[in-house]
2 protein chains.
Amino acid sequence: MRHPFEFPLDLPGRGSRRRLQALHGQLRAAILDGRLGPGLRLPATRELALALDISRNTVVAAYDLLLGEGYLEARRGAGCYVADLAARRDAPRARSGVPGPEARLAPHWRGFDAVPPPMSPGGAEHDFRLGIPDNRGFPYEIWRRLSARALRQLSKAPPLYAAAAGRSALREAIARHISFTRAVACEPADVIVTSGAQQAFDLLARVLVTPGRTVLAMEDPGYPPLRAAFAAAGAQVVAVPVDTEGLVVECLPADTDVVYTTPSHQFPLGVAMSPRRRLQLLAFARSRGALVIEDDYDSEFRYGSRPLDALQTLDRDDGVCYVGTFSKCLFPALRIGYAVAPSWLRAALAHAKQLADWHGDVLAQDTLAAFIAEGHLVRHVRHMRKVYATRRTALLDALARHGAGRLQAWPSAAGLHLAARLSAGVDAATLASRAAAGGIHLEPLCAYAHEATAPNGIAFGFGMIDAPDIDRAVYRVARLIDG
Amino acid sequence: MRHPFEFPLDLPGRGSRRRLQALHGQLRAAILDGRLGPGLRLPATRELALALDISRNTVVAAYDLLLGEGYLEARRGAGCYVADLAARRDAPRARSGVPGPEARLAPHWRGFDAVPPPMSPGGAEHDFRLGIPDNRGFPYEIWRRLSARALRQLSKAPPLYAAAAGRSALREAIARHISFTRAVACEPADVIVTSGAQQAFDLLARVLVTPGRTVLAMEDPGYPPLRAAFAAAGAQVVAVPVDTEGLVVECLPADTDVVYTTPSHQFPLGVAMSPRRRLQLLAFARSRGALVIEDDYDSEFRYGSRPLDALQTLDRDDGVCYVGTFSKCLFPALRIGYAVAPSWLRAALAHAKQLADWHGDVLAQDTLAAFIAEGHLVRHVRHMRKVYATRRTALLDALARHGAGRLQAWPSAAGLHLAARLSAGVDAATLASRAAAGGIHLEPLCAYAHEATAPNGIAFGFGMIDAPDIDRAVYRVARLIDG
């Protein structure tokens, strides 16, 4: 069989992979344009290999590919036949009228060039990054043991899908924990377990926002991922300024439907919302039927005098949804947060959760429930609070010592960071850039501001820097400000 | 049953659509004003149809509407009951002009009375439930060991948030795994790790749907949570029939933007999409710039002759997003799935993932990556395939032995269930109800159908029933059909 087909095959002389690609491609082309018509029986692999003077493996592989793709059909023990592709008319895409691929995306989602980059591992000599806790003191061995126990229990149960609102034991543990630590009034049934606080925000955006109509008011500077979630859902987002008493309630637009606020520890300025503003905000919400989302993201760590309870504790109108997270007191990799929603919101939120991903990782939930119930969370938080308190004191001392005329700290009494106003004449973004070149990671406040009127300043996170290094780091920042 | 209700129904003599409207409206009115009180069980569809001398399809459709609207509740396998609407009555707000609480929810999300109930633990003597794998052979000790190792590694790294698209090791493992098992052409960079397939669907709904405009076509009977996710996002959802070759591509509306399909193992009929239909579907998608979502949910388990490769392998136009899950071959509690998206979709999907919950549980991802890389997944699947194959054979034998004239199996060659058509004169929902009373859990196909034209039949899952019990269970079902 010198010419197995009526048309020539052009195969490269060397390279079995290239020969396979060529053979496969040319046979496929011949099938598609009809030179090899439907029902035609192809030569046996051995004969074709001989005729083409190539290895039989190559022919077998080419036939296998074509079989898998549906261009060939195998008839039992009787070789390979060209499939009937009549149905597949290669209708050329009419270029006019058929949109390009990006048009298949909803408008909000066009224009992304690449997947979001991973968080930079750091490597700065002095890292004042926000939002990252110190995990070195975390009792991983205890977590491992509890996780193994949870897995054993899971292995004995039927492998059903779990409840959308979260595992009962965890909802109980959370309700007890926040009743105790934050005075949040709630029963286990009020708790919806989410994949981090971010998912709580995302679900809230979904069930609250009517695209193009719902108005979300949020602090500015504020927390960008919250804005992004609500904007993606089609909300109109309005920036509201912050002063030393927190969110300036007087500036809330009259048609506000949802208010997002961080009253324990404003992100990123760090101030606590005053009692006066808290009552103002709740009165505003009540009079307009608006919902307040309280994000209590790192209030496990509180310093100084008796802390203010959660805003939610003052609410009598089912107007506050309290959102918390374990990312700052455990480790972010875990992805467990929660929403304590008013009664009218609860069912919708749980159904939205179910649609989003059925339920959260059960092993992690059960492990955390035990971790809380056995008192390990409280012990760990107590330990870390001392660690962070030492760093915070070091930072405040360093700012007092080196910051005069340069950096003025905003008052804050909780959390893993504090912010400082930068003296006029020095731009925070420029300073951060200079500092990065010198191995110091600083967060300019403008990174968290939407409006151009954001205060000029720096947020100093102390999750990733040790107390002994803080004074020197602040000293160097002061020199950079001067220079 | 000559007078099924204590009040008269007034249905037009002709026109099934008008009869449906009348029946639906009059039942709804009776529920609202209490003539049909909470907790009352409605007559079975077949009985009511007989009593009213109308088609059963009309009754099924009316019940479906009322179920969807929340006026009825379905109790698994035990018929429809009038819902308790006392909670639904909105307490009027004292202040005029201020909307009641429910008005704060976007319209789609109003009307949920309670959080979704947890999955029933079962307890049926013979459980043919769908979608639940058998976890008793799962190598939990290996998982525990790998999880402990992953935790140790995590403890040594800075506690940063991880990449939205998923951990590198897992994306690599998935890419290698599906290239090998399903011939899906993909690089690790093409893989987005999601919290189960459900999150992949939810994210796809988000980035693809422009509310009120985007048209999703899906198989009917089909997978309800997919419909729910797209409907919640505001898509118009069109049901397309299925025959023995799978999705009937000829019935796709001309303005379809997105097609959802389960080509390896139609959910729930179990048929495989023929090569002819695969090429037709891709040609359709190409000519309209539509996207096909391929849900390959349980194709790890394939029986019989050489399986068809994934539909995605035939696509040359970036028109298929391949979605998979580990829920059926590991355990659902884990919540790990993935989407292999075409290039134009990838970045948007990853950004949507980041907004939804930042990233998936890192411990679980890292553990799974090792589990796959060390060959444990392949071994486990190979083991379970034999277990399921034995059950499937037992089921087919039992259907052949006891099912003549009663149950006719649809051809299927993969997965954890198969479906059978029920002979005329026996209503599947009624049969399921009778069976439940006798300790047999059956899934009527109408539970998965949106249109009233769904085939009358039963889907038999074999994840939760042992091979030796299958023959007796089918025998008992046959007796119920006769009686």
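Residue numbering restarts at 1 for every chain, and letters A, B, ... go by the order of the sequence lines.
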Checklist entry - Rounded to the nearest 0.5 Å, how far does CG of B:Asp361 lie from CG of A:Leu363? => result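 The distance works out to 8.5 Å.
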Checklist entry - Got a donor-acceptor contact below 3.5 angstrom from the B:His351 side chain to the A:Ala114 backbone? => result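 Yes, the answer is positive, given that a donor and an acceptor are paired below the 3.5 Å cut-off.
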Checklist entry - A:Asp357: what forms a salt bridge (Lys or Arg N to Asp or Glu O under 4.0 Å) with it, not counting sequence neighbours? => result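 Counting only residues at least two positions away or on another chain, A:Asp357 forms a salt bridge (Lys or Arg N to Asp or Glu O under 4.0 Å) with A:Lys353.
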Checklist entry - Is A:Arg206 salt-bridged to B:Asp202, cutoff N-O under 4.0 Å? => result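 Counted as a salt bridge, because a side-chain N and a carboxylate O are separated by less than 4.0 Å.
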Checklist entry - Which residue out of B:Gly196, B:Ala290, B:Pro116 racks up the most heavy-atom pairs below 4.5 Å with chain A? => result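 Most pairs with chain A among the choices: B:Pro116.
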Checklist entry - Taking all atoms of both residues into account, what is the closest heavy-atom pair of B:Ser327 and A:Tyr161, and its distance? => result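 Shortest heavy-atom separation between B:Ser327 and A:Tyr161 comes out as CB-OH, 3.5 Å.
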Please look at [X] and chain A and tell me whether the side chain, the backbone, both or neither of the residue comes under 4.5 angstrom of a heavy atom of that chain.
| X | result |
| --- | --- |
| B:Ala356 | both |
| B:Ala352 | both |
| B:Leu154 | both |
| B:Val207 | both |

Item to check | Which atoms of A:Ala189 approach chain B - backbone, side chain, both or neither, heavy atom under 4.5 Å | outcome: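 Neither part.
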Item to check | Contacts with chain A made by residues 144-153 of chain B (heavy-atom distance under 4.5 Å), listed by residue number | outcome: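 Result: B:Arg144, B:Ala148, B:Leu151.
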